[in-house]
Structures are given as C-alpha cells and as structure tokens.
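Working notes, structure below.
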Number of protein chains: 2
Amino acid sequence: MQIDDIDRRLLRHLLAEPDLSTTDLAARAGVTSATAWRRIERLREAGILRGQHAIIDWRALGWEVEVSLRFTLDKTDPRAFDEFLAAVREVPEVIEIQTFLGRVDVRLNVIARDMRHYQEIYRDRILTLPHIADIESLMLVSTIRKTESLPI
Amino acid sequence: MQIDDIDRRLLRHLLAEPDLSTTDLAARAGVTSATAWRRIERLREAGILRGQHAIIDWRALGWEVEVSLRFTLDKTDPRAFDEFLAAVREVPEVIEIQTFLGRVDVRLNVIARDMRHYQEIYRDRILTLPHIADIESLMLVSTIRKTESLPI
DNA sequence: GATGAAAAATCTGTGAC
DNA sequence: GTCACAGATTTTTCATC
C-alpha cells in the first residue's frame, strides 16, 4: 500500500495520542474528519493499523513481579520448538513471547503477584516446559515503550 | 483500590477486545453501559488502566528488521546509567527499553527498514552510546503479546 | 480517485432514581 | 446498579474537484 504525508501525519498523531477522537485527529493532521476516517480505515484494511491495546498497570493491580526468562532448547528440530511454544501458550502468566533468528532461543515475560507466587509459577509451569536445555532469568525493573516518537 | 468481579470481567474483556465500545463492553460484562463507564473511569483514576496503545505493523509499513540488543555497561554508578538511558531516548528507532535488577543491564528493541539501514543505525547511533562494555544482538523473528489471556 | 459538507446512526457521559 | 436523554462522535451519503 502507498502511504503519503497525510497518512504519516495521521499515524504519528495516532501513536502519540491514541485516545484522540477521529475529529481531533483530523484537526491535527489538517484534514476533515471524513478524510481522516477513510484513511484510517484504509490503513486498517492494509494491515498497517492493527487496532488498539489497553495498557494495564500490573503493579497497581497487585502483580508486583515481572521476570524476563531466556530459554535455550535442547533440540534444534522444528517440532521440539513448536511443542515448546504450544506448552508456553498454556501458561496464563506468560504475557509476552519472543522468538529469535539463528538460535533455538526464546524469551518469555512472566508476571506474578509476588516472589512467592513467582517461585510457584517457576517450579510448576516453567521448569516443566518441554525441551529446555538452559534458562536465564532477569527481574524486570521497568519497560518503556517509546512508541510516541516513531521514525515514520 | 478494591477490585471486584465486575471490574475483573471488564478488564478481561477490555484486554481481549480493546476496540469494543463501552456499550458492547458493558453487555459482555453483564452490566449497563453507565455502570461500565463509571467503573472504567474509576480504574483509570486508580492508575490501573493507563489508556490505549495503537498497534502498528512495522513490516506492513516497510520496516522489515527488528533487533533485540542487550547491553552491559562499563560502570555501575547511577549517573552512568542515567546518561546511557538519556542518550538512548534520543534514538527514534529504539521502540522499547527494558531495565533489569541486579546488573547494569539494559535491553533495547530497535527497528530498521532493512539490514543496510540497521547497520547504519548500529554504527552511528548504537555504538556511539556512552558507557557500553558489551553488546549482544539477536534478530527478532516474532513477538506475541499474549495480553488476551490474562491471569486476572 | 479523493475530498469536504452535511445528514444519519451510534455512542458517551451525566442526572435522576 | 439501572434508566433515560442530551450532547458528542462516528460513519455514510452525495455533490464537487
């Protein structure tokens, strides 16, 4: 799909202020609301805009612990990889899964209410995942998603 | 703040389908829209709901490369850490920053249009960051945010 | 082929209960 | 927590460039 300056302005403002109404977004991008609406719709159809994400503060909800786990698997075949990922999806406390090129290497972010709870999840849900050769854990202090200042 | 079952249902549905109108959300949670609205407002004031995030498909926009970089800094003092983070914030291609406990250790996710562009960013914007002792790079294949299936 | 103005459909936010 | 409603917003239509 072709993207022009108006689309770029719309995307930039949408990323900076996702709660904006189409009317206000249009005003900021210097077009009418009908135009803004049609273009947003087109970006959505093209798969560039994939909807919204509600941001939840886990800590405010009482989930104090977030840990980033990095796995090395003990096999390199795709089936082992798929089995591992399928098992991971069954663990609700895993809120993010990342896979990488060039290694049998996966990263998971796990949340827990507190350290005791985390130890439980780790023992019962993480260590029991299939095909694990090695795990490295890092306690997360903060995550900043910088999607306000996009390079578009 | 106290969270009850209705709040939990609202949050769960909001996470699963963030584009839902308050009316539809209310219907799914089994309350009227006025109730849903007031509770959402309360969750917002309590800092549990922190607004929305527009999801963009970088690949559809022509940003083909995402790399996860892990840094070890050469100093352990807080000032070096802050200087490093301040410099990172100036790089628009860095879309995520994570900091960890127990190490002078930071992770960044960087996007680029293609490998050539990534090499440029790496050489001119990453290697020039202050206080770097070591960098490890992993090419991202996929990120799945599993926030649909929350443990609440 | 895309735009703006304006109308129609829908939703949000508030007051009364 | 529900119901009702005015005001705002979203989405469609249509004439125009």
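Just the heavy atoms: all of them, side chains too, but no hydrogens, waters or symmetry mates, feed the values below. First the proteins, then the strands, lettered A, B, ... as listed; each starts at 1. Not measured: the values here are computed from a predicted model.
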Distance only, no hydrogens: is a donor on one side chain within 3.5 Å (strictly under) of an acceptor on the other, for A:S68 and B:R107?
yes
Ignoring backbone atoms, test whether A:W37 places a side-chain nitrogen or oxygen under 4.0 Å from the OP1 or OP2 oxygen of D:dT10.
no
Rounded distance in Å - CG (A:D4) to P (C:dG1)
15 Å
Picking from D:dT12, D:dT11, D:dT2, the nucleotide nearest the side-chain atoms of A:A34 would be D:dT12
In terms of side-chain heavy atoms of B:S21, which of D:dT12, C:dC11, D:dA4 is nearest?
C:dC11
For C:dG4, does OP1 or OP2 lie under 4.0 Å from any side-chain N or O of A:T32?
yes
Assess the residue pair A:I135 and A:L127 against the criterion (side chain to side chain contact (heavy atoms under 4.5 Å, CB included)); give the C-alpha distance rounded to whole Å, side-chain angles, the decisive distance to 0.1 Å, and a yes or no.
CA-CA 9 Å; A:I135 310 181; A:L127 287 179; 3.9 Å; yes
C:dT12 OP1/OP2 closer than 4.0 Å to side-chain N/O of B:T22
yes
Would you mind checking if A:E136 and B:R70 are paired as a salt bridge, meaning a charged N to carboxylate O distance below 4.0 Å?
yes
To the nearest angstrom, how far is A:L10 atom CG from D:dT10 atom P?
13 Å
Can a side chain N or O of B:T23 be found less than 4.0 Å away from OP1 or OP2 on C:dT12?
yes
Between C:dT12 (P) and B:R39 (CZ): distance, integer Å
18 Å
Check this for me: does any side-chain nitrogen of one of B:R79 and B:D82 sit under 4.0 Å from a carboxylate oxygen of the other?
no
Taking atom P of C:dA2 as reference, at what distance in whole Å does atom CD1 of A:I3 sit?
13 Å
May I ask you to verify whether the side chain of B:R38 and the base of D:dT2 hold a donor-acceptor pair under 3.5 Å?
yes
Starting from the first five and the last five pairs of the helix from C:dG1-D:dC17 to C:dC17-D:dG1, work out the angle between the resulting helix axes, to 10 degrees.
20°
What is the distance, rounded to the nearest whole Å, between atom CD1 of A:I40 and atom C1' of D:dT12?
17 Å
When every non-hydrogen atom of B:T143 is compared with those of A:E96, the smallest separation belongs to CG2-OE2, 3.8 Å
Under 3.5 Å, is there a donor-acceptor pair between the A:S142 and B:T99 side chains?
yes
Given atom CG of A:D24 and atom P of D:dA8, what is their separation to the nearest angstrom?
12 Å
Report the distance from atom CZ of B:R44 to atom C1' of C:dT12, rounded to the nearest whole Å.
11 Å
Nearest-angstrom distance from the residue atom CD of B:E45 to P of C:dG13:
13 Å
A:R42/A:E45 ion pair, N-O < 4.0 Å:
no
